[in-house]
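Everything below concerns the one structure shown next.
Naming: A, B, ... by sequence-line order, numbering from 1 per chain.
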Amino acid sequence: MHAYRTHNCGELRKEHVGNTVRLSGWVNRRRDHGGLLFIDLRDHYGLTQCVVEPDAAAFAEADRCRSEWVVTLTGKVVARTPETVNPDLPTGDIELRIAEVAIQSVAQELPLPVFGDLEYPEDTRLKYRFLDLRRERLHRNITLRSHVIASIRRRMIAQGFTEFQTPILTASSPEGARDFLVPSRIHPGEFYALPQAPQQFKQLIMVAGFDRYFQIAPCFRDEDARADRSPGEFYQLDLEMSFATQDDVFAAVEPVLHGLFTEFANGRDVGPAPFPRIPYDEAMLKYGVDKPDLRNPIVIADVSAVFAREDVAFKAFKGKVVRAIPAPGAGAQPRSFFDKLNDWARSEMGAAGLGYIVFEEDGGKLTGKGPIAKFIPEDGLAELARLSGVKGGDALFFAADREARAAALAGQARIRLGRELGLIDEKKFAFCWIVDFPMYEWNEDEKKIDFSHNPFSMPQFDREKFLALSTADRDTILGLKAYQYDIVCNGIELSSGAIRNHDPDVMLKAFEIAGYAREETEARFGGMLNAFRYGAPPHGGTAPGIDRIVMLIAGEENLREVTMFPMNQQAQDLMMGAPSAVSAKQLRELHIRVVMPEKA
RNA sequence: GGGGGCGUAGCUCAGUUGGUUAGAGUGUCGGCCUGUCACGCCGAAGGUCGCGGGUUCGAGCCCCGUCGCUCCCGCCA
């Protein structure tokens with residue numbers, strides 16, 4: 001007989017009755033009935049009830065066992081009597097009659113119980129991650145993550161993509177996020193950087209003629225964490241295609257994501273492919289964000305013209321962009337509902353307020369109630385209702401400000417209203433592409449033009465005219481769109497991608513517009529720029545976030561619930577104790593001297 | 001860097017206007033129990049109330065500071 005097990009803890013059924021078997025696992029639960037002792041033995045595969053009586057030879061040893069001890073139990077499989085069958089357990093028809101007990105490992109009193117499904121504080125869970133991972137929820141999520149990644153690999157390979165690895169120690173690149181730096185021992189004063197993404201490498205792979213690349217790629221960015229943003233590191237399904245248009249990329253990615261989410265939908269609805277394609281400008285108008293949750297039926301309308309009318313006397317909105325956010329059925333909400341939203345807009349969004357009108361229908365005629373309704377004549381109200389699509393019993397909220405701020409406030413109000421009015425269908429995955437992102441944006445602080453997203457994207461503009469642009473063409477430049485797109489699901493940005501700029505002249509010009517001298521661009525992106533001078537195929541791709549995909553499929557709101565060994569919000573690994581100080585010898589070898597920040 | 005929330009037994013939490021010896025559940029330990037599967041019953045141990053200072057006759061509770069965790073803004077594809 002095998003030293004540890006003949007079967008796993010989720011395996012035994014009626015047909016095994018009469019067999020002598022050996023199981024190993026953790027003591028999930030111990031129930032001592034005096035004349036009878038039950039031990040539920042747990043492993044990765046399941047749970048098996050084991051039982052022993054006081055007159056049995058193995059009783060004394062079994063009686064010592066406590067929660068989370070690791071033990072090997074040997075004995076005969078017996079059928080349970082009909083009234084003691086446990087229908088909730090796959091192994092519930094049988095039990096193991098313990099004849100032999102071998103204790104493999106004992107456990108101290110647990111800082112985090114494995115049994116049960118109570119919530120525990122994050123720091124305890126992170127410090128004792130190995131215990132938390134034994135618990136059903138995390139164990140299931142992490143296993144799911146593995147299945148999701150396996151499915152992604154299958155689907156990508158089926159679509160003709162080839163997986164390649166790219167370096168982890170590479171060069172710092174100036175754009176985007178802060179880099180993690182690794183000091184060089186051999187080259188004093190010089191540093192490697194961990195890749196923020198394999199962006200340049202995958203473009204070089206295209207130049208090298210490999211045509212369709214993918215990788216489950218680790219990415220490193222030294223920025224602050226959020227619930228949907230792990231500190232430091234995360235994984236992307238990085239992919240790139242040669243001789244591909246934007247539509248080709250969409251056509252390659254849609255079946256992978258649609259198929260993947262359908263495979264793991266578990267009763268949830270996955271909207272049909274092709275996914276809706278929404279231009280960035282339209283998204284900002286209708287949803288007030290560039291990552292709209294399309295499960296939320298609310299659509300924002302621009303009603304600036306109504307408040308600009310001479311017969312509309314509401315001064316606070318004059319000369320401003322006014323966005324209207326319909327709140328279906330909110331007419332039935334108490335006054336406090338409206339006050340709360342107004343308070344939220346003032347305190348958290350820094351807005352002047354969130355005005356509203358409650359619409360009532362009276363014999364086919366629409367009337368308005370609320371603080372600002374009286375400033376608007378009857379046909380003005382009708383126009384508001386027409387533009388926003390509200391009807392009797394609905395409320396209409398207003399965000400008034402400069403355009404960007406009005407859009408942002410309206411967008412956040414839309415999210416809040418959707419949630420609070422229960423308009424979100426939780427059993428749905430709503431995908432969309434956001435397309436035509438602006439190439440550049442105005443940096444108000446530094447009074448200069450910045451790349452608004454990925455600097456390697458191809459501008460949607462005639463090549464010769466682009467090369468001829470000058471700083472005098474500011475409005476044209478800020479109006480430029482790029483072949484740059486995002487995939488969004490349920491209001492979460494899953495990925496961004498682009499058709500790349502593979503033309504060295506256009507690239508140098510693109511950087512020049514953003515304030516990088518030609519020599520500087522050559523110095524910083526020389527590797528890639530140089531490659532483009534030796535025959536570069538037109539190419540493009542994208543990189544959906546693996547962690548966020550798993551989070552959506554697992555129905556979790558936090559990345560730590562789908563990450564095996566996550567760091568806390570302060571980017572510390574509480575289990576391993578990272579980051580940590582290193583020895584003086586290590587620092588000397590790396591030619592590094594530590595200068596601590598001065599205490600304020 | 002800034003804002004919100006939280007911090008009381010190993011764990012989850014309660015603790016009234018500031019008032020005797022800070023409680024419950026769970027876990028641990030001991031006793032009883034032959035069919036439980038969140039077993040049941042009895043008992044015991046277990047607390048620098050995050051830390052420091054202040055106000056007060058008296059502080060878990062009020063004030064100031066500080067530390068930790070978390071959510072958000074800034075930052076970030």
Open item on the list: Classify the ring geometry of F431(A) against F261(A): parallel below 30°, tilted from 30° to 60°, perpendicular beyond 60°.
Closed with: perpendicular
Task: Secondary structure of RNA chain B in dot-bracket form (Watson-Crick or G-U wobble, distances below 3.5 Å, | marking inter-strand pairs) - done: (((((((..((((.....[...)))).(((((.......))))).....(((((..]....))))))))))))....
- [ ] Provide the distance between the two P atoms, one in C11(B) and one in G50(B), to the nearest whole Å.
- [x] 13 Å
Task: Residue pairs involving residues 38-47 of chain A (criterion side-chain hydrogen bond (donor to acceptor under 3.5 Å, both in side chains); sequence neighbours excluded) - done: N28(A)-R42(A), R31(A)-D40(A), R42(A)-E68(A), H44(A)-H139(A)
TODO: Please state whether the base of C76(B) and the side chain of D222(A) form at least one donor-acceptor pair under 3.5 Å?
DONE: no
Open item on the list: Can you pull out every salt bridge (charged side-chain N to carboxylate O under 4.0 Å, His left out) where at least one residue sits in residues 558-567 of chain A? Sequence neighbours excluded, please.
Closed with: E122(A)-R560(A), R125(A)-E561(A), R137(A)-E561(A)
Task: Nucleotide of C75(B), G35(B), U28(B) approaching R226(A) most closely (side-chain heavy atoms) - done: C75(B)
Open item on the list: Taking the minimum atom-to-atom distance to the side chain of E122(A), which one of C37(B), C69(B), C75(B) wins?
Closed with: C69(B)
TODO: For nucleotides G53(B) and C49(B), find the distance between their P atoms and express it as a whole number of Å.
DONE: 12 Å
Task: Non-hydrogen atoms of A410(A) and A399(A) that approach each other most closely - done: N-CB, 3.8 Å
TODO: Carefully, step by step, assess S67(A) and R29(A) under the rule side-chain contact (heavy atoms from CB on, under 4.5 Å).
DONE: CA-CA 6 Å; S67(A) 284; R29(A) 197 85 177 139; 5.5 Å; no
Scan nucleotides 2-12 of chain B against the protein and return all N/O pairs shorter than 3.5 Å with their distances rounded to 0.1 Å.
from   : atom 1 : to      : atom 2 : distance (Å)
U12(B) : OP1    : P121(A) : N      : 3.3

Open item on the list: Applying a 4.0 Å non-hydrogen cut-off, can you work out what Q236(A) is touching in the nucleic acid: base, sugar-phosphate, or nothing?
Closed with: sugar-phosphate
Open item on the list: According to salt bridge (Lys or Arg N to Asp or Glu O under 4.0 Å), who are the partners of E100(A), at least two apart in sequence or on a separate chain?
Closed with: R22(A)
Open item on the list: Between G5(B) and C64(B), how far apart are the two P atoms, rounded to whole Å?
Closed with: 13 Å
Open item on the list: Check whether K481(A) reaches the backbone of M439(A) with its side chain - one donor and one acceptor, N or O, closer than 3.5 Å.
Closed with: no
Open item on the list: Between C33(B) and U8(B), how far apart are the two P atoms, rounded to whole Å?
Closed with: 39 Å
Task: Nearest to side-chain heavy atoms of F115(A), which nucleotide of C39(B), G35(B), G68(B) - done: C39(B)
Task: Output field: ring centroids F275(A)/F250(A) closer than 6.0 Å - done: no
Task: H33(A) aromatic ring stacked with six-membered ring of C39(B), 5.5 Å and 30° - done: yes
Task: Pairwise side-chain hydrogen bond (donor to acceptor under 3.5 Å, both in side chains) hits with a residue in residues 213-234 of chain A, at least two apart - done: T166(A)-Q215(A), R178(A)-E223(A), Y213(A)-Q215(A), Y213(A)-D238(A)
Open item on the list: Please tell me if R560(A) has a side-chain N or O lying less than 4.0 Å from either OP1 or OP2 of C71(B).
Closed with: yes
TODO: Give, ordered by number, those residues of residues 50-59 of chain A having at least one heavy-atom distance below 4.0 Å to an atom of RNA chain B; if nothing qualifies, reply none.
DONE: none
- [ ] Nearest whole angstrom, please: distance from the P of G68(B) to the CG of L126(A).
- [x] 16 Å
Task: Pair Y483(A) + F437(A): ring centers closer than 6.0 Å - done: no
Open item on the list: With rounding to the closest Å, how many angstrom separate the C1' atoms on U17(B) and C13(B)?
Closed with: 23 Å
Open item on the list: If you only use heavy atoms from C-beta on, which nucleotide in U36(B), C33(B), C69(B) is closest to the side chain of R80(A)?
Closed with: U36(B)
- [ ] Would you please name every residue forming a salt bridge (Lys or Arg N to Asp or Glu O under 4.0 Å) with D247(A), sequence neighbours left out?
- [x] R277(A)
Open item on the list: Heavy atoms from C-beta onward define the side chain here; which of C37(B), C33(B), C75(B) lies closest to that of R229(A)?
Closed with: C75(B)
- [ ] Take atom P in A38(B) and the same atom in G15(B), then report the distance between them in whole Å.
- [x] 30 Å
Task: First of E493(A) and N558(A) reached from the 5' end of RNA chain B, by closest nucleotide - done: N558(A)
Open item on the list: On the nucleotide U70(B), are OP1 or OP2 found under 4.0 Å from the side-chain N or O atoms that Q570(A) carries?
Closed with: yes
- [ ] Select one nucleotide: of C75(B), G27(B), U36(B), the one nearest the side-chain heavy atoms of R29(A).
- [x] G27(B)
- [ ] With C1' as the reference atom in both, quote the distance from U26(B) to C62(B) in angstrom, rounded to an integer.
- [x] 33 Å
Task: Distance between C1' atoms of G7(B) and G43(B) (Å, rounded) - done: 32 Å
Open item on the list: Given the structure, check if the side chain of Q572(A) and the base of G68(B) hold any donor-acceptor pair shorter than 3.5 Å.
Closed with: no
Open item on the list: Nearest to the side chain of R178(A), heavy atoms from C-beta on, is which of C39(B), C69(B), C75(B)?
Closed with: C75(B)
Open item on the list: By nearest atom, which of the nucleotides U36(B), C71(B), C75(B) is closest to the D224(A) side chain?
Closed with: C75(B)
Task: Atom pair CG/CD of L204(A) and E240(A) - distance to nearest 0.5 Å - done: 10.5 Å
TODO: Give me the ring orientation class for F525(A) and F456(A): parallel if the planes are under 30° apart, tilted from 30 to 60°, perpendicular past 60°.
DONE: perpendicular
Task: From C75(B), C33(B), C72(B), nucleotide with atom closest to Q569(A) side chain - done: C72(B)
TODO: Check whether any side-chain N or O of N568(A) sits under 4.0 Å from OP1 or OP2 of G68(B), and answer yes or no.
DONE: no
Check residues 76-83 of chain A and write down every donor-acceptor pair under 3.5 Å in which the side-chain atom is one partner and the other belongs to a residue at least two apart or another chain.
from   : atom 1 : to     : atom 2 : distance (Å)
R80(A) : NE     : G92(A) : O      : 3.3
R80(A) : NE     : I94(A) : O      : 3.0
R80(A) : NH1    : T84(A) : O      : 3.0
T81(A) : OG1    : T84(A) : OG1    : 3.0

Open item on the list: Please determine whether any donor N or O and acceptor N or O are separated by less than 3.5 Å between the side chain of R30(A) and the base of G27(B).
Closed with: no
- [ ] Would you kindly give the CZ-to-C1' distance between F234(A) and C75(B), to the nearest whole Å?
- [x] 14 Å
- [ ] Output the single nucleotide from U28(B), C72(B), G74(B) whose closest atom is nearest the side chain of A227(A).
- [x] C72(B)
Open item on the list: Going by the rule side-chain contact (heavy atoms from CB on, under 4.5 Å), which residues pair with A407(A) if we only count those two or more places apart in sequence or in a different chain?
Closed with: R323(A)
Task: Phosphate-side-chain proximity, R31(A) and C39(B), N/O vs OP1/OP2 below 4.0 Å - done: yes
TODO: Step through it carefully: locate the ring centre of F164(A), locate the ring centre of F201(A), and say whether they are under 6.0 Å apart.
DONE: no
Open item on the list: Go nucleotide by nucleotide along RNA chain B from the 5' end; which of T81(A) and D486(A) gets its closest nucleotide reached first?
Closed with: T81(A)
Interface polar pairs with nucleotides 44-46 of chain B, N/O, under 3.5 angstrom:
none

Open item on the list: Distance check needed: C69(B) P versus M575(A) CE, whole Å only.
Closed with: 16 Å
Open item on the list: Listing request: all ring-ring contact (aromatic ring centres under 6.0 Å, His included) pairs with a residue in residues 106-134 of chain A, at least two apart in sequence or in separate chains.
Closed with: none
